[in-house]
Number of protein chains: 2
Amino acid sequence: MSVTIKDVAKLANVSISTVSRVINNSKPVSLEARKRVLDAIEQLGYKPNEVARSLVTRKSNLIGVIVTDIGNSYIAEMIRGIEEIGRMYKYDIVLSSSYGNPDTEKKFAQLLMSKQVEGIILVSENDKQSVIEEIKGLKIPFVYLNRYYDSQDMPTVTINNFEASQEMTKYLVNLGHRNILYVTSNEDNKASLERFKIDGYKKAISDVDKAEEFIYSVKGFKPEDGYKMGDKVMEIVKENNITAVFCCQDELAIGFINYCYDNGIKVPEDISVSGYGDTKMASIYRPRLTTVKEPYYDIGAVAIRRIIKNLKSEEKEKDHIYLPIRIMKRESCKKI
Amino acid sequence: MSVTIKDVAKLANVSISTVSRVINNSKPVSLEARKRVLDAIEQLGYKPNEVARSLVTRKSNLIGVIVTDIGNSYIAEMIRGIEEIGRMYKYDIVLSSSYGNPDTEKKFAQLLMSKQVEGIILVSENDKQSVIEEIKGLKIPFVYLNRYYDSQDMPTVTINNFEASQEMTKYLVNLGHRNILYVTSNEDNKASLERFKIDGYKKAISDVDKAEEFIYSVKGFKPEDGYKMGDKVMEIVKENNITAVFCCQDELAIGFINYCYDNGIKVPEDISVSGYGDTKMASIYRPRLTTVKEPYYDIGAVAIRRIIKNLKSEEKEKDHIYLPIRIMKRESCKKI
DNA sequence: TTGAAAGCGCTAACAG
DNA sequence: CTGTTAGCGCTTTCAA
């Protein structure tokens, strides 16, 4: 069997309490005893059993992370932030993928609870309030991350979508574009963040003479959806002399550029296209995608820092934390 | 505090042993008692404390996964496989990112041990034997996954790189290419899997009349590296009438195609380019990348299944498991 | 079929 | 400064 605190105590000729004390630096121990203990630990290769420790301290040093799908690069990026910062505070993360199913999200939350995780970060892509309620009921620190939907009075960390969208539109305007098509998705859902983005777009447009609003709504956020919308979008583009298409997500933008590529339409020569998110793809793809940088890594990092802070201080902070965005000026949008 | 087995026992008017028995179905319990217990559990919303359970059973139902960087899409894909299959067997995964540092890998292995993980999967990108030795010394089931380096007598799951490379080369030959440049990386390292891939390439070339070997070696595996090699590669291409470039990794291929894009060289019209891996990018990028599908999801899935099998049966299986590959015939390579 | 009791490995009073 | 002891919540003999 593996070596326990008892073995160390015996070898060092002290009681297990003393060993515990030196491991945790919880109480003064004579130099001499400490040395003997340390030697014994070294000699036996002793590692405290964290499970036993957790049982008594009720601290597992585990944070549960429930995500939709780690295959999404933006989620992977968030997890990087979560993991890296968590590590700094000696927290490990246990990962579960819900693949978007709210019931699975709930089930995982319960599962994680029974593993005694100290906090939960939920990266969701749906707007089911019931999941949030369930997790809130768990009475452990909790941060909710959702790229698509808004959740009232939830601890979360996001960007200011109104400003982000406005900024991007302004940038396009500065490039000389006047007829800019904003492609939105699921904007009918009241919880959708799209309403802020649309407002930001509208605001920017309304601030400019001779600029006109054009909004087109599609279903879905995937590259395929961006591809499929191609025909219709190009129709609108032609009818209205549109020179720039601002897509509400990078994936959509890339799908649309793929459509353009396949149909002999040159980006940005024939039309400028911008995205939103700055997923990994955006900078590797050609043409490099002009987009809004939503700082996924930082979002994850701040989320876990919040949880840890909460764990330490018991005091709740304000619910929303807004992180700054940046316009990534790349090749897919050109001056006209 | 949260409800414990005692509370359930009290409410159900039985001893805690009985409660334990019904939870675990470990011993017969009278129908009547069982019902009372079940009711009590229901009523109190009791969930067993897994930490306490682990302490006595020495089963944590946790598998430790150490990866280089979850930001690599192929690694994310492996993790998906690991997580999804692990879940089926009620295992949770705890994730650590080493960012390629061998010492960190070792440290995490120890950390995971103290959390009582039942097995470890290491997704590494270096060839440090010492890490493997360390983890082997932990005496828990362990699978080693490495896309770049070969590890003798390690439990692992891979593809047959010789065959994969041979297949791809054959495919290019069938497309009509005779002068095919194979771009390798780090081939000087004895542990590199490149030697198998190079051999596969050579074999395929030598099987064809009028086909000649061209091998170019670069440093690194990233898109940037693929980009940087562009000038030199195009020089070689021109000198030798090369019509196809077979890159040893997708990332390299994409970087190279980016170079081509930026320099007005059309792929596949001017030159065919193939990759290796079939990372997520390969099918989204334009032109869609012709490549070897290395089944990352399955690799992860099989890896954890091995661990679980091992846990159950104590018997060791053979060390290497080979998964089948596929040539993904897409747009970046054309017939000539 | 059931309950009492002994731990799993550790921390944290408490007494000295 | 140190040792003894009582648990943490649960599983598992052992007797009944």
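All of these numbers come straight from a predicted model, not from anything done at the bench. A, B, ... follow the sequence lines: proteins, then strands. Residue 1 opens every chain.
One interatomic measurement links the two molecules: NZ of B:Lys10 to P of C:dG3, which rounds to 15 Å at whole-angstrom precision. Atoms CG (A:Leu55) and P (C:dA12) sit 12 Å apart, rounded to a whole Å. Atom CZ of B:Arg36 and atom C1' of C:dT2 are 11 Å apart (whole Å). B:Lys27 has its NZ atom 9 Å from the C1' atom of D:dC14, to the nearest Å. Remark: C1' of C:dG9 and CG of A:Asp7 are 11 Å apart, rounded to the nearest angstrom. If you take CZ of B:Arg21 and P of D:dT11, they are 11 Å apart, rounded to a whole angstrom. Between A:Asn24 atom CG and C:dA12 atom P the separation is 7 Å, expressed in whole Å. Atom CD of A:Glu32 and atom P of D:dC1 are 13 Å apart (whole Å).
Taking the six-membered ring where tryptophan is involved, the planes of B:Phe142 and B:Tyr144 are perpendicular, since the angle between them exceeds 60° and thus also 30°.
Among A:Ile304, A:Ile307, A:Val302, A:Val67, the single residue meeting the side-chain contact (heavy atoms from CB on, under 4.5 Å) criterion with A:Ile82 is A:Ile304. Of the listed residues (A:Leu11, A:Leu38, A:Val3), just one forms a side-chain contact (heavy atoms from CB on, under 4.5 Å) with A:Gln43, and that residue is A:Leu11.
Residue B:Ser17 places a side-chain atom within donor-acceptor reach of the base of C:dA4, judged by atom type and a 3.5 Å distance cut-off alone. Looking at A:Arg58, its side chain has no donor and acceptor atom pair within 3.5 Å of the base of D:dG9.
Of the candidate nucleotides C:dG3, C:dT2, D:dT11, C:dG3 has the atom lying nearest to any side-chain atom of B:Ser15.
Distances shorter than 4.0 Å separate none of the side-chain N or O atoms of A:Thr4 from OP1 or OP2 on C:dG9. Note on B:Ser30: a side-chain N or O is less than 4.0 Å away from OP1 or OP2 of C:dT2. Distances shorter than 4.0 Å separate none of the side-chain N or O atoms of B:Asn49 from OP1 or OP2 on D:dC8.
Within 4.0 Å of A:Val14, counting heavy atoms only, lie sugar-phosphate atoms of the nucleic acid but no base atom. Residue contacts shown for B:Ser20 include a base, since a base heavy atom lies under 4.0 Å away.
Nearest approach of A:Lys115 to A:Ser60, heavy atoms of both residues: O-CB, 4.2 Å.
In terms of position on DNA chain D, the residue among A:Val29 and A:Ile16 whose nearest nucleotide sits closer to the 5' end is A:Val29. Where B:Pro28 and A:Ser26 each meet DNA chain C at their nearest nucleotide, the meeting point lying more 5' is that of B:Pro28.
Cation-pi geometry between B:Arg87 and A:Phe108 is met: under 6.0 angstrom from the ring centre, within 45 degrees of the axis.
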